[in-house]
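Worksheet: the structure to be examined is printed underneath.
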Amino acid sequence: MLKPCTADVGFIEIDKDITLRRMIVHNPSPKGTVLFLHGFPETLYVWKDISTALGDDYEVHAFDWPGYGKSSRPAIGNFSYAPKSYADVLKAYIEKAGIDQSHLTIHATDIGALPALLLALDEPSIAKSIVVGDFAPFNRPAYMFESLQNLKAEPGASITRAYMNKTSAEILANAYRRDLPKEQQFDLKVDVNDDMIRSWGHGNLTSADAFYYYYSNFTRDQEYFEANLDKLTTPVKVIWGERDLYIKKEMGGEFADKVGAKFDVLPGVGHYPHLQKPEQTIAEVRASFR
């Protein structure tokens, strides 16, 4: 009888300022490698059950972005937390982890998606395929939730940052089920919920602070990405929650149209498909290797 797959959690040094907490599900003869990239206000623990479910066939990686989970939270003078800076972290992780890019699927959501795509502009062979969803590839504030629009420029950005830090308990309790009908709402696994709560204020910078700094460079990096879409040749699949409150599905449709990617809208699903319908995420990953 096969032993159930287990997730090993440890740390890897990227440079003198950044050490990432990471999770790996090992497989001695993998059919490929999967790298999961989380969003706000998440940590790598959102991928734990999905990763162990895939571990019978694949080696699976996930890490906490700088500013999240138990990864480093450098002072802003040493790290910008911009999407482009996250892309550099992603590149360094893939290299240091010794991942075979020719058999790699990157699955990225929310703040994790644009960094993966920015990296693919410069390095089309960074992965065999990239699956993205529920993020903002372009500077289209009208497609975004009001608080996210406010983060794009001052003075609204600083006001929103302060409010998010003040209401962190409410965000962590409700961000993933807000606006879903009662029959579609769900609870997080205890270990996922506890890790998000404990990690919010880990170090000298909160997850809301990291989110604020990400957004301070977001428009710049979105506009760079759109201006260089012709360089995106890595195969991309786009998936989106039909009921995404934070970033409307029209954003995903526009992006998919512009790059000629397949676009799937998930009925009744909100901004966090991997939490609401993890079996769908597992199926998407398996399909990416066919």
Side-chain angles (χ1 to χ4, degrees), residues 18 20-21 36-46 62-90 108-118 132-137 139-141 143-176 178 188 192-193 195-222 225 244-247 251 270-272 274-275:
I18 295 174
L20 301 178
R21 182 177 65 167
F36 286 114
L37 303 175
H38 71 79
F40 175 86
E42 299 176 314
T43 74
L44 61 79
Y45 270 80
V46 300
F63 62 77
D64 294 324
W65 288 114
Y68 297 84
K70 297 298 174 62
S71 287
S72 299
R73 305 186 181 207
I76 190 64
N78 297 328
F79 185 73
S80 72
Y81 298 89
K84 181 60 175 69
S85 295
Y86 276 9
D88 294 339
V89 168
L90 174 59
T109 185
D110 193 71
I111 62 168
L114 184 57
L117 294 171
L118 286 168
V132 291
D134 301 275
F135 74 115
N139 181 24
R140 307 285 191 273
Y143 287 151
M144 303 174 73
F145 193 56
E146 183 179 3
S147 63
L148 300 182
Q149 295 180 36
N150 292 339
L151 279 168
K152 277 184 154 284
E154 296 292 359
S158 291
I159 294 169
T160 301
R161 174 191 186 184
Y163 182 77
M164 291 175 74
N165 276 314
K166 183 179 179 180
T167 61
S168 61
E170 192 280 331
I171 291 171
L172 291 168
N174 295 310
Y176 56 91
R178 189 176 289 125
L188 296 178
V192 175
N193 186 63
D195 193 65
M196 287 169 56
I197 292 171
R198 286 195 301 265
S199 299
W200 177 276
H202 174 69
N204 297 320
L205 182 141
T206 70
S207 295
D209 296 334
F211 198 49
Y212 163 84
Y213 289 128
Y214 182 100
Y215 263 78
S216 69
N217 292 286
F218 198 23
T219 299
R220 179 202 68 186
D221 290 352
Q222 286 173 316
F225 178 66
D244 191 334
L245 172 68
Y246 302 106
I247 305 172
M251 180 84 89
H271 183 72
Y272 300 89
H274 52 290
L275 296 177

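Sequential numbering from 1 along the given sequence is applied to the chain's residues. For clarity, every value in this text was computed on a predicted model and none was experimentally measured.
When side chains are defined from C-beta on, Val46 counts as touching Leu275, because their heavy atoms get closer than 4.5 Å. Residues Ile18 and Ser71 fail the side-chain proximity criterion, which asks for heavy atoms closer than 4.5 Å. Two residues are said to be in side-chain contact when any heavy atoms from C-beta on lie closer than 4.5 Å; His38 and Trp65 meet this criterion. Put simply, the side chain of Thr109 reaches to within 4.5 Å of the side chain of Glu42, judged on heavy atoms. The side-chain heavy atoms of Leu114 and Phe218, taken from C-beta on, include a pair separated by under 4.5 Å.
Atom CZ of Phe145 sits about 11.0 Å away from atom NE2 of His271, to the nearest 0.5 Å. Note that CG of Asp244 is 10.5 Å distant from CE of Met144, once rounded to the nearest 0.5 Å.
Considering only residues two or more places apart in sequence or on other chains, Tyr176 meets the ring pair (Phe, Tyr, Trp, His ring centres under 6.0 Å) condition with Phe186. Ser199 meets the side-chain hydrogen bond (donor to acceptor under 3.5 Å, both in side chains) test with no other residue; sequence neighbours excluded.
Note that Arg21 lies outside the cation-pi zone of Tyr68, set by a 6.0 Å cut-off to the ring centre and a 45° limit from the axis.
Separation of the Tyr86 and Tyr214 ring centroids falls under the 6.0 Å cut-off.
Put simply, the side chain of Asp64 never gets that close to the backbone of Thr43: no donor and acceptor are under 3.5 Å apart. No donor-acceptor distance shorter than 3.5 angstrom exists from the side chain of Arg140 to the backbone of Met251, with no hydrogens or angles considered.
A parallel orientation is assigned to the rings of Phe40 and Phe211, their planes being inclined by less than 30° (bins at 30° and 60°).
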